[in-house]
Amino acid sequence: MELAIDWRVESQLVDGWSTPNLYGLLFVGGMIFGYYIIKRMFKSEGISDKYLDKLLLYVVPATIIGARLGHVLFYGPYWDGFNAKGQFEEGYFDHPLSILKVWEGGLASHGAAIMILIMLYVYSIKVVHRPMLWILDRIVAPIAIAGCFIRLGNLVNHEIIGTPTNLPWGFNFYYAGDEYLVDGKVVPRHPAQLYESITYLFSFIVLFRMYWKTNAKAIPGRLFGMFMILIWTARFTIEFIKVGQTSRDDVWALNTGQLLSIPFILIGLYLTFRKVPEKEQAKFDEAVATPLPLK
């Protein structure tokens, strides 16, 4: 007898209504949880809530816009045509208005990461007037816990699923779509979303403890570097048992998600293990010691 978990949970909460749904609640819940984490950090450093409110105006839109554009640019499909399974797909460049249809799915975490980095650079220059690494070190724990919730949302949406497995914790994803059937049947698969959610939760715990229990927040880039190592190494590893999102993922040795993760991991290794130059540390300490205006 094959052991597996029958996963019949649906995101839809009200019959006949696509929204509100469980995925959306988990997405928003993760954002709210992250908000209160960084609010506590800011309060401990004597920073006014007005800087937190402005931070949200930069990060939330950047997350959604970056994730959507990342999916479009990194994964496609770009033009109308048939995929490797013989299914016709509309390309985003042939139907540019489809790029706006975020509710139909298609968000890429690498795209979100890039857009967040860009907007945090602007935030550091225009709003807090502190080194970019200062805000990066404080936002990574909230992002990690938000990512945990978002991956649980992917789980209830039956998306980003893994390859078939005979392990006893395999999931039968009944609403994943016909393309995931094997010989016309639902088969147990790795719950890749759950794996990622657990690793993001672990990353949050590590980063949260580093912030409160060590002097890591006083070393520019130390928390951000650890975040990059933990999150993207987990992503790189789990990709081995995930279903590829593009036809090229079936033939390349490393898939798109793994290739995009490598630069982030390398940046994390550099920031975590480098010796911070004395001048950079002094400049960082001076900036942090300068109180931010309350109004």
Side-chain angles (χ1 to χ4, degrees), residues 11-12 18-19 21 23-24 27 59-119 147 150-151 153-164 173-187 189-193 196 231-232 235-267:
S11 182
Q12 184 176 333
S18 58
T19 57
N21 56 58
Y23 173 82
F27 192 103
V59 172
V60 174
T63 301
I64 298 172
I65 294 172
R68 183 57 174 172
L69 291 179
H71 174 78
V72 171
L73 297 176
F74 299 148
Y75 296 102
Y78 308 117
W79 312 104
D80 288 351
F82 293 90
N83 60 24
K85 298 179 180 178
Q87 300 166 328
F88 180 79
E89 294 179 324
E90 290 187 351
Y92 288 114
F93 297 157
D94 280 328
H95 306 274
L97 289 180
S98 296
I99 297 174
L100 302 177
K101 299 178 181 179
V102 180
W103 57 90
E104 292 184 357
L107 300 174
S109 54
H110 294 92
I114 294 171
M115 185 63 75
I116 289 172
L117 287 173
I118 294 171
M119 295 311 297
I150 291 170
R151 281 296 180 253
N154 296 137
L155 181 64
V156 301
N157 258 8
H158 297 248
E159 58 191 7
I160 314 182
I161 67 177
T163 54
F173 291 98
Y174 284 95
Y175 309 128
D178 293 343
E179 63 268 30
Y180 297 107
L181 299 177
V182 176
D183 296 329
K185 297 180 181 179
V186 173
V187 298
R189 292 177 176 272
H190 284 287
Q193 327 91 321
E196 285 194 49
I231 295 295
W232 300 112
R235 175 68 184 271
F236 181 91
T237 304
I238 295 171
E239 287 289 333
F240 282 112
I241 50 87
K242 284 170 65 174
V243 175
Q245 298 186 56
T246 68
S247 57
R248 62 178 177 267
D249 291 338
D250 296 329
V251 296
W252 288 4
L254 298 177
N255 66 29
T256 305
Q258 290 172 316
L259 293 173
L260 291 170
S261 296
I262 291 174
F264 291 133
I265 296 172
L266 294 176
I267 292 171

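Because the structure is predicted, anything quoted here is derived from the model rather than measured.
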Ring geometry between Phe236 and Phe240 (parallel below 30°, tilted from 30 to 60°, perpendicular above 60°): perpendicular

Heavy-atom pair of closest approach, residues Gly257 and Asn255: N-OD1, 3.1 Å

Leu69 side, atom CG; Ile114 side, atom CD1 - distance, nearest 0.5 Å: 10.5 Å

Close side-chain approach of Leu259 to Trp252, heavy-atom, < 4.5 Å: yes

Side chain to side chain contact (heavy atoms under 4.5 Å, CB included) evaluation trace for Val59 with Met119: CA-CA 7 Å; Val59 172; Met119 295 311 297; over 6 Å; no

Pro164 versus His190, closest heavy-atom pair with distance: O-CD2, 4.3 Å

Thr246 and Phe74: CA distance, side-chain angles, deciding distance, side chain to side chain contact (heavy atoms under 4.5 Å, CB included) verdict: CA-CA 9 Å; Thr246 68; Phe74 299 148; over 6 Å; no

Atom pair NE2/CH2 of His110 and Trp232 - distance to nearest 0.5 Å: 4.0 Å

Considering all heavy atoms, the nearest Phe264-Ala113 contact: CZ-CB, 4.2 Å

For Ala192 against Ile241, the heavy-atom pair lying closest together: CB-CD1, 4.2 Å

Under 3.5 Å: donor-acceptor pair, side chain of Ser11, backbone of Tyr23: yes

Closest heavy-atom pair and its distance - Pro263, Leu260: CD-O, 3.4 Å

Contacts of Arg189 that satisfy salt bridge (Lys or Arg N to Asp or Glu O under 4.0 Å) - sequence neighbours left out: none

Under the salt bridge (Lys or Arg N to Asp or Glu O under 4.0 Å) test, residues paired with Arg235 that sit two or more places apart: Glu239

Separation of Gln258 CD from Ile265 CD1 (nearest 0.5 Å): 9.0 Å

Side chain proximity check, Leu107 to Ile150, heavy atoms < 4.5 angstrom: no

Partner of Phe173 under side-chain contact (heavy atoms from CB on, under 4.5 Å), chosen from Val187, Ile161, Val186: Ile161

Matching residue for Asn154 among Glu196, Glu159, Gln193 - test: side chain to side chain donor-acceptor pair (under 3.5 Å): Glu159

Pairs involving residues 62-79, ordered by first then second residue, that meet side-chain hydrogen bond (donor to acceptor under 3.5 Å, both in side chains) (sequence neighbours left out): His71-Tyr92

N/O donor-acceptor pair under 3.5 Å between Asp249 side chain and Thr256 backbone: yes

Heavy-atom pair of closest approach, residues Gly70 and Ala108: C-CB, 3.6 Å

